[in-house]
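Okay, structure first, notes after.
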Amino acid sequence: MPRFLSRLAVTGTAAVLAATLTTPTTVQAAAKPAERTRALSWVAMGDSFTAGVIEATGAETEPRDGCARTVESYPEIIRRDLGALTDLRNVSCSGATTENVRTTKLSPLGRPLPPLGTDPNAPFPPVPPQIDSAGPDTDLITVGIGGNDLGFGGILKDCIELGATHLGLGTPCKDKYDAALPGLLAGLSTDYGTMLTALHAKAPSAKVITVGYPHLVPEDADLCTYGDLRQFATFSTGDLAWARTAILEPLNAVIARSSADHGDTFVDLYPATAGHSVCDADHWVDGVLTSVLPLKYGLVHPNARSQAGAAAVVEHAVLGG
């Protein structure tokens, strides 16, 4: 029996799931949950950490629209666990920002594949704002977003290039970006709150669950090997320590605060992924490359183990845990 369904069996009935999100309108409805319960209407929103993207999270789901959603991403894992209990619309998309959730179309790039690094099926048509998939009948929204608002991909690229230029010495990336980060984080806080307000207006009956980001950099950055493409390539040790404390942890803090301000549930992946960063032996996040031979991109993204861990924690939140 799938993990999620076995937990429902222990509680007595599949209607328990609906009870965590809605209140029966009559005594009769409560007395006959199996007859009155419909499939949970769930919209999964987010960026590449939700969509999956990399080969280490399996094949892409169909139809392919350039968003690079994969079969081992956490929404798809939960979809399989829930089976007929849910009606999932997974609109997460690689490269998405809070603006792409709320108002703006996104032109997705697809899944980068070696050796050329571009999706052979690109270019793809723009996809609509993710909020368009929600409405008055939506019961649940999960959303994992925010890293692209800070320009995390661009910062990662610059840190690798600057680390190479400085031969891994010092903190050249911190020196370039540190002064701008407070403003970027303040802007994210505003934009994240605006997004949540818009989601509640579009789907007033929905429970909203926000999902944070996992450990990417270990607590001890010295665990990372300079020049290792399966880790952070030429990112300097000093810049890795800075990125953890000045970008990743504040990013999660912004999401947590904004979620609390809107009465939403924040799923914190950070504690459960300690000891599973890019540079840990049991890594749940792949580095710049997943492997050298064969050549596979990791792009510093969660692999299948990380996505499975996220699925378990998000399921718990859906159940009201």
Side-chain angles (χ1 to χ4, degrees), residues 46-58 68 70 72-74 94-95 111-114 117 144 146-148 150-164 166 168-169 171-174 177 211-252 255 268-311 313:
D47 58 23
S48 57
F49 276 57
T50 298
V53 179
I54 65 173
E55 291 180 85
T57 57
T70 61
E72 296 303 326
S73 61
Y74 71 80
S94 177
R111 166 186 273 181
L113 293 171
N148 292 323
L150 298 181
F152 182 73
I155 294 174
L156 174 67
K157 178 177 178 291
D158 282 353
C159 288
I160 290 171
E161 292 176 352
L162 287 167
H166 289 75
L169 302 175
T171 55
C173 207
K174 174 184 177 182
Y177 283 104
V211 182
Y213 290 82
H215 264 82
L216 304 181
V217 180
E219 299 294 323
D220 180 5
D222 285 327
L223 289 176
C224 299
T225 302
Y226 178 77
D228 190 343
L229 292 174
R230 294 168 300 174
Q231 297 182 2
F232 288 97
T234 51
F235 216 120
S236 77
T237 301
D239 278 335
L240 283 171
W242 162 79
R244 178 176 60 80
T245 59
I247 301 177
L248 299 170
E249 291 171 359
L251 168 60
N252 277 330
I255 297 171
D268 188 1
L269 300 180
Y270 210 67
T273 54
H276 299 292
S277 76
V278 170
C279 304
D280 285 298
D282 184 16
H283 63 278
W284 290 7
V285 181
D286 288 357
V288 175
L289 296 181
T290 294
S291 65
V292 178
L293 291 173
L295 182 63
K296 293 184 179 181
Y297 292 124
L299 306 176
V300 189
H301 272 68
N303 57 34
R305 293 188 297 277
S306 183
Q307 293 286 354
V313 182

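In this chain, numbering begins with 1 at the start of the sequence shown.
Residues satisfying the ring-ring contact (aromatic ring centres under 6.0 Å, His included) criterion with His283, sequence neighbours excluded, are absent altogether. By the side-chain hydrogen bond (donor to acceptor under 3.5 Å, both in side chains) test, Ser236 pairs with Asp239, sequence neighbours left out. Residues satisfying the side-chain hydrogen bond (donor to acceptor under 3.5 Å, both in side chains) criterion with Lys296, sequence neighbours excluded, are absent altogether. Applying the salt bridge (Lys or Arg N to Asp or Glu O under 4.0 Å) test to Asp158 and every residue at least two apart in sequence or in another chain returns Lys176. Partners of Ala233 by side-chain contact (heavy atoms from CB on, under 4.5 Å), not counting sequence neighbours, listed by chain and number: Ile160, Leu229, Val288. Leu248 pairs by the side-chain contact (heavy atoms from CB on, under 4.5 Å) definition with Phe152, Leu216, Val217, not counting sequence neighbours. In this structure Pro218 satisfies the side-chain contact (heavy atoms from CB on, under 4.5 Å) test together with Leu223, Cys224, Ser277, Cys279, Asp280, sequence neighbours excluded. Among residues two or more places apart in sequence or in another chain, the side-chain contact (heavy atoms from CB on, under 4.5 Å) test is passed with Ala56 by Ile54, Asp286, Thr290, Asn303. The salt bridge (Lys or Arg N to Asp or Glu O under 4.0 Å) search around Glu55 returns none, not counting sequence neighbours. With sequence neighbours excluded, the residues that form a ring-ring contact (aromatic ring centres under 6.0 Å, His included) with His276 are Trp284. Judged as a ring-ring contact (aromatic ring centres under 6.0 Å, His included), and not counting sequence neighbours, the contacts of Phe235 are Phe232. A search for salt bridge (Lys or Arg N to Asp or Glu O under 4.0 Å) contacts involving Asp228 returns Arg230, not counting sequence neighbours.
The backbone N or O of Gly147 lies less than 3.5 Å from a partner atom in the side chain of Tyr213, making a donor-acceptor pair. Put simply, the side chain of Gln231 gets close to the backbone of Thr225: a donor and an acceptor are under 3.5 Å apart. Panel note: side chain Ser48, backbone Val53; no donor-acceptor pair is recorded below 3.5 Å. Panel note: side chain Tyr226, backbone Gly163; a donor-acceptor pair is recorded below 3.5 Å.
Contact detail for Leu240 and Ala221: the closest heavy-atom pair is CB-CB, 4.0 Å. Taking all atoms of both residues into account, the shortest heavy-atom contact from Trp242 to Cys173 is CH2-O, 3.9 Å. Contact detail for Pro302 and Gln307: the closest heavy-atom pair is CB-NE2, 4.0 Å. The shortest heavy-atom contact between Pro114 and Tyr297 is N-CE1, 3.3 Å.
Rounding to the nearest 0.5 angstrom, the gap separating the OG1 atom in Thr70 from the CZ atom in Arg111 is 6.5 Å. Considering OG1 of Thr273 and CG of Asp282, their distance stands at 11.5 Å, rounded to 0.5 Å. Between atom OG of residue Ser94 and atom CG of residue Leu299 there is a gap of 8.5 Å, rounded to the nearest 0.5 Å.
Put simply, the side chain of Phe49 does not reach to within 4.5 Å of the side chain of Ser306, judged on heavy atoms. Val300 has its side chain within reach of Leu156: a pair of non-hydrogen atoms, C-beta onward, lies under 4.5 Å apart.
Aromatic ring pairs are classed by plane angle as parallel below 30°, tilted from 30° to 60° and perpendicular above 60°; the pair His215 and Tyr270 is parallel.
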